[in-house]
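In what follows, chains are A, B, ... by sequence order, proteins preceding strands, each numbered from 1. In what follows, every heavy atom counts, from backbone to side chain, and hydrogens, waters and symmetry copies are set aside.
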Amino acid sequence: MNTKKLTTLSLAVALAMILSFVETLIPPLVAVPGIKIGLANTVTVFLLYVYGWREAGAVAAVRVSLSALLFGSAVSLIYAASGALLSFVGMVLIKKLSLSSSVSVSITGGVLHNAGQIVCACIVMENAAISSYLPPLIISGTVAGVAVGALAALLISKLNNIIKK
Amino acid sequence: MLTLNNKKKIIFTASLAFLLILTGVSSFLVSNALKKEGAAVIVTVNGEQIASYPLTADGTYLLNGGTNVLVIREGKAYVESADCPDKICVNHHKISKTGERIICLPNKLEIAVIGSDDEIFTN
């Protein structure tokens with residue numbers, strides 16, 4: 001990997017971490033745990049289109065681990081990792097469809113991220129009741145996914161040539 | 001550019017978003033319609049039941065050594081105060097139907113409503 005790519009990916013990790021931190025500062029609009037805009041996913045979607053799934057996956061893995069180490073706990077790492085893993089696999093698969101776009105990819109990512117965290121919570125609490133949170137999380141994940149996808153599309157169109165040069 | 005392929009992509013994305021929102025809304029409406037009034041609440045910490053209280057009698061209870069304060073009034077239960085950082089349990093709406101529950105993840109505490117035809121009525 002050349003230096004430029006290494007620097008760009010490192011910047012992406014830092015940016016994703018900052019974005020997820022900034023999100024914690026926004027007061028929760030709805031009293032459901034786990035509702036968030038998923039701004040950090042913008043970076044993952046962006047990298048998926050500009051580089052590829054390997055780079056996007058590496059950055060996502062590093063970002064989740066570092067965020068959990070710095071801001072969270074071992075428990076938050078399990079939740080974040082399960083959400084991120086499911087959402088990443090889903091995004092890569094959806095992207096392979098010719099009809100996909102950054103918005104549909106990020107919608108998939110957002111919804112699956114929440115779904116992954118709910119499944120993880122069900123397993124950890126040994127209780128399937130948490131799944132009652134799924135409906136509002138699916139809706140908010142979709143809406144947020146649209147916004148994040150649009151943002152990523154904008155970034156991709158502006159930065160793609162600069163990064164690839 | 002509104003090429004045919006671009007239009008198809010937009011339709012695909014819009015359908016996906018619409019389907020997901022439809023799923024969310026309908027599952028929410030169905031689960032709401034299926035709910036029945038509850039008879040009591042069961043409090044579990046870390047998966048183990050520590051208390052149960054009938055919804056018929058008003059009362060204020062200190063749960064889990066006081067980390068969460070449960071109030072039962074007029075047949076509904078809610079968390080009046082808690083020591084958790086996010087206070088999601090405190091902001092939760094009052095629960096009274098079977099299956100509804102208030103969860104405080106930081107304290108691993110759950111308050112669940114059960115119906116008169118459900119088991120376990122210790123206390």
Side-chain angles (χ1 to χ4, degrees), chain A residues 24 27-36 73 75-76 79 90 94-95 97-112 114-115 117-118 120-147 149-150 153 157, chain B residues 1 4-32 34-35 42 44-49 78-79 84-93 95 97-114:
Chain A
T24 63
L29 267 178
V30 188
V32 176
I35 281 219
K36 51 182 192 137
S73 54
V75 177
S76 72
Y79 282 106
I94 291 280
K95 182 163 178 288
L97 296 177
S98 63
L99 282 183
S100 68
S101 57
S102 65
V103 177
S104 43
V105 166
S106 84
I107 290 178
T108 312
V111 171
L112 283 179
N114 287 334
Q117 290 190 299
I118 296 270
C120 185
C122 285
I123 296 178
V124 168
M125 310 251 303
E126 288 174 6
N127 186 347
I130 295 203
S131 50
S132 60
Y133 280 129
L134 259 179
L137 282 182
I138 291 180
I139 297 176
S140 76
T142 308
V143 172
V146 171
S157 63
Chain B
M1 287 181 317
L4 177 64
N5 195 254
N6 273 359
K7 278 192 210 162
K8 280 196 203 165
K9 285 190 183 183
I10 293 178
I11 294 179
F12 176 77
T13 308
S15 317
L16 180 67
F18 178 70
L19 259 171
L20 285 171
I21 296 189
L22 192 67
T23 311
V25 171
S26 50
S27 50
F28 175 73
L29 290 176
V30 166
S31 66
N32 251 9
L34 288 176
K35 289 198 169 118
I42 290 195
T44 47
V45 172
N46 230 343
E48 283 181 42
Q49 181 179 333
Y78 59 96
V79 176
C84 54
D86 44 21
K87 308 276 189 259
I88 288 179
C89 51
V90 179
N91 290 327
H92 201 287
H93 64 86
I95 59 175
K97 305 223 167 61
T98 49
E100 285 191 305
R101 53 199 72 219
I102 301 177
I103 297 173
C104 183
L105 270 179
N107 289 321
K108 304 209 176 114
L109 179 140
E110 178 192 89
I111 304 166
V113 178
I114 58 169

Taking all non-hydrogen atoms of both residues, which atom of [X] and which atom of [Y] are closest, and how far apart?
{"X": "P135(A)", "Y": "G24(B)", "answer": "CB-O, 3.3 Å"}
{"X": "I138(A)", "Y": "L20(B)", "answer": "CG2-O, 3.4 Å"}
{"X": "T13(B)", "Y": "S101(A)", "answer": "OG1-OG, 3.1 Å"}

>> Between V103(A) and chain B, with a heavy-atom cut-off of 4.5 Å, which part of the residue counts as in contact: side chain, backbone, both or neither?
In response: both
> Which bit of S98(A) comes within less than 4.5 Å of chain B, counting heavy atoms only: side chain, backbone, both or neither?
Replying inline: backbone
> Are side-chain heavy atoms of L97(A) and F12(B) found at a separation under 4.5 Å?
Replying inline: yes
> What distance do L99(A) atom CG and N6(B) atom CG have between them, rounded to the nearest 0.5 Å?
Replying inline: 10.5 Å
>> If I take atom NZ from residue K9(B) and atom OG from residue S104(A), how far apart are they, to the nearest 0.5 angstrom?
In response: 8.5 Å
> Does NZ in K87(B) sit with more than 12 non-hydrogen atoms of other residues, nucleotides or ligands closer than 6.0 Å?
Replying inline: yes
> Do you know which of L22(B), N46(B), I21(B) has the most heavy-atom pairs with chain A at a distance under 4.5 angstrom?
Replying inline: I21(B)
> Hey, which of V90(B), L16(B), N5(B) has the most heavy atom pairs under 4.5 Å with chain A?
Replying inline: L16(B)
